[in-house]
Amino acid sequence: MELRGETVRISELPDAPPIGLLSGSRLRHSVAAGQTLMTSDVDIPHSLAKKAWESIRQQSLELA
């Protein structure tokens, strides 16, 4: 899988996972080139980094 990243605000795209969490991830289905990946598109392995991101993401959603 080849990736390229783009900076986005969590408050604007809370379901777009950070590129750093995608190492070791598996796509759930085909995605088009240039498509922004969402959490529903990938299975992200459990890690401390994922847990931290989920916490930050949840706080962002609560503030919205």
Side-chain angles (χ1 to χ4, degrees):
M1 172 169 49
E2 292 183 29
L3 301 171
R4 67 177 176 83
E6 184 176 312
T7 303
V8 297
R9 294 182 186 275
I10 291 175
S11 60
E12 294 173 8
L13 283 173
D15 291 331
I19 196 168
L21 293 182
L22 297 178
S23 179
S25 295
R26 291 181 175 233
L27 286 174
R28 293 180 179 168
H29 50 83
S30 295
V31 294
Q35 175 182 333
T36 300
L37 288 178
M38 299 296 176
T39 54
S40 60
D41 298 321
V42 292
D43 289 320
I44 301 171
H46 295 288
S47 68
L48 186 56
K50 180 182 177 187
K51 187 174 181 176
W53 172 69
E54 288 173 338
S55 176
I56 292 167
R57 181 176 163 253
Q58 185 60 40
Q59 289 174 13
S60 177
L61 291 171
E62 290 170 0
L63 294 175

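Within a 6.0 Å sphere centred on NE2 of H29, other residues, nucleotides and ligands contribute more than 12 heavy atoms.
Under the 4.5 Å side-chain heavy-atom criterion for ILVMFWY residues, a single connected hydrophobic cluster contains both V31 and L22. With hydrophobic clusters built from ILVMFWY side chains whose heavy atoms lie under 4.5 angstrom apart, L13 does not share a cluster with V42. By the rule that hydrophobic residues join a cluster once side-chain heavy atoms approach within less than 4.5 Å of another member, L27 and I19 end up as members of one cluster.
For the atom pair I56 CD1 and K51 NZ, the distance stands at 13.0 Å (nearest 0.5 Å).
Scanning for salt bridge (Lys or Arg N to Asp or Glu O under 4.0 Å) contacts around R9 gives E12, with sequence neighbours left out.
Taking Ile, Leu, Val, Met, Phe, Trp and Tyr as hydrophobic and joining them when side-chain heavy atoms fall under 4.5 Å apart, one finds L48 isolated, its cluster having no other members.
In plain terms, the two heavy atoms of P45 and S23 that are nearest each other are CG-O, 4.0 Å.
Distance alone, capped at 3.5 Å, is enough to place a donor-acceptor pair between the R57 side chain and the P14 backbone.
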Give the table of side-chain donor-acceptor pairs shorter than 3.5 Å for residues 32-40, with sequence neighbours excluded, one pair per line with atom names and distance.
| unit_1 | atom_1 | unit_2 | atom_2 | d |
| --- | --- | --- | --- | --- |
| Q35 | OE1 | A32 | N | 3.1 |

